[in-house]
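We number each residue from 1, following the sequence as shown. Atoms within a ligand are numbered from 1 in the order they appear, just like the ligands themselves.
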Amino acid sequence: MSTEVNIPRLDLNTYINGGDAERKQFSEAIGKAFNETGFVTITNHGLSKQLIDDLYTQVKALFALPDDVKSSYEIPELAGQRGYTGKGKETAKGFKTPDLKEFWQIGQTIEGDDKLKEQYPDNLQVKELPKFNEVTLEVYRKLEAAGKELLRAIAVYLGLDEHYFDDKVNNGNSILRTLHYFPIENPDAVPADAVRAGAHEDINLITLLIGASADGLELLTRDGKWFPVKAHGEDLVVNVGDMLQRLTNNKLKSTTHRVVNPPRELMKFSRYSVPFFLHPKSDMDLTSLPSTIDAEHPKIYSDITAGEYLDERLREIGLKK
Ligand SMILES: O=C(O)CCC(=O)C(=O)O
Ligand SMILES: [Fe+2]
C-alpha cells in the first residue's frame, strides 16, 4: 500500500552543501513529491534533538498551566494569531463541530528597523515560563531558515531563479503553532463527529511540522483514501499550502490532511505537535506564474495578494470576525 503514495525522505544538507548534481536531484525529488502527494519528510534540517526535546518540555509545561492563566493570554482582537486559543475555537472549513485542540501561536519578530514592525502584532510573552519564549524563538528562526532553503529548491524545480522567494519571505508573516490535542476522559461526552483536527488544507506557502508526539496525521490521496503520514525520529514533515498551490496553478498540491482520534482507550492521553506555517509578506502577489498556465492547464484562480487571502481564510475558520 505504501508504494502508491510518494512521501520521500530527503536530506536537506544535500541541497545546502551538496554539489550541483545532488542539489538538482533534491529539487527534482521535492518538486515531484509536491506535485504527486504534496508531502515530504526532511532530515538534517538544522534543529538538534536537544532543541526539539527542550521545545516539547516547554510546550507540555505551557498547556499544563491552569485554564485561567492560559485564558489571560487569549486576546480576541489578535484572531488567534498571537498567544493562546482555547478549546472549541477553531473549526475546519466546512465543519460545524470545532476541533479537539488548544494552541498557542508565535509570529514574526522583526530585528532592525523594517516598517513591517508596525504591521505585525507583538508576541505575547509567557510570564510563567521564560524559557518557553526563548526556545520557541530559536525554533522559529531555525524553521524559517530551513523553509527558505526548501523554497530555493522548489524555485529551481519551477524553473524560477533560485532566490525567487527570498525577499518575499524575508521578515514574512510566518506562524509557529504549538498544539495540544487535550485528553478526553469520557469520549461519550464530546460530539460524535468531533475530531482532533478536521480535514483541511493549510493556508500558507509550505508547512514544516516537528515530529508529532503520537500517530494520527493522515493525508487524502488522489484516489480519495486516507493515508497515515509517519516521520522517523526528529524528521520534519513538510507539505504544500494553498498559497503555493495558487501560485503554481495547482502544479504543486495543497493536500487535504487531518488528525484522527486515537482508539477510544487512548483518548485520555494528550497529543502534541508543532507546525510552522511559512507565510510570505502580505504584499506578495499570488497570481499564478505564467509558466504554470497553458492550454492543458487553464488559469484556475483569481489574482490576490497573500494578505488579502489570509484575511479571507481566517474568517472562514472562525478565528477572525
Ligand atoms: O498536529 C498535526 O500533526 C497536524 C496539525 C495541522 O495539520 C495543522 O495545525 O494545520
Ligand atoms: Fe494542517
Counting no waters, how many protein N/O/S atoms sit under 2.8 Å from the Fe ion (ligand 2)?
3

Spatial distance of atom CG (Leu55) from atom OG1 (Thr136) [nearest 0.5 Å]:
7.5 Å

State whether the side chain of Gln108 and the backbone N or O of Gly172 hold a donor-acceptor pair below 3.5 Å, judged by distance alone.
yes

Taking the six-membered ring of Tyr164 as reference, does the NZ or CZ atom of Lys168 fall below 6.0 Å from its centre and within a 45° cone about the axis?
yes

Let me know which of Phe103, Phe63, Tyr84, Trp104 forms a ring-ring contact (aromatic ring centres under 6.0 Å, His included) with Tyr73.
Trp104

Report the C-alpha distance between Arg246 and Asp242 in whole Å, list the side-chain angles of each, state the deciding distance to 0.1 Å, and finish with yes or no for salt bridge (Lys or Arg N to Asp or Glu O under 4.0 Å).
CA-CA 6 Å; Arg246 272 186 104 96; Asp242 288 340; over 6 Å; no

Could you check if a side-chain atom of Val59 sits within less than 4.5 angstrom of a side-chain atom of Leu62, using non-hydrogen atoms only?
no

Qualifying residue for side-chain contact (heavy atoms from CB on, under 4.5 Å) with Phe165, from Leu244, Asn170, Leu278
Leu244

Rounded to the nearest 0.5 Å, how far apart are CE of Met243 and CD1 of Ile203?
7.0 Å

Please tabulate, line by line, the atom pairs linking an N/O of ligand 1 to a protein N/O at a distance below 3.5 Å, with the distance in Å to 0.1, or answer 'none'.
unit_1, atom_1, unit_2, atom_2, d
ligand 1, 1 (O), Tyr181, OH, 2.7
ligand 1, 1 (O), Arg271, NH1, 2.9
ligand 1, 1 (O), Ser273, OG, 2.6
ligand 1, 3 (O), Arg271, NH1, 3.2
ligand 1, 3 (O), Arg271, NH2, 3.1
ligand 1, 7 (O), His200, NE2, 3.2
ligand 1, 7 (O), His257, NE2, 3.1
ligand 1, 9 (O), Arg177, NH1, 3.3
ligand 1, 10 (O), His200, NE2, 3.0
ligand 1, 10 (O), Asp202, OD1, 3.1

How many angstroms lie between atom CH2 of Trp226 and atom CG of Leu219, to the nearest 0.5 angstrom?
8.0 Å

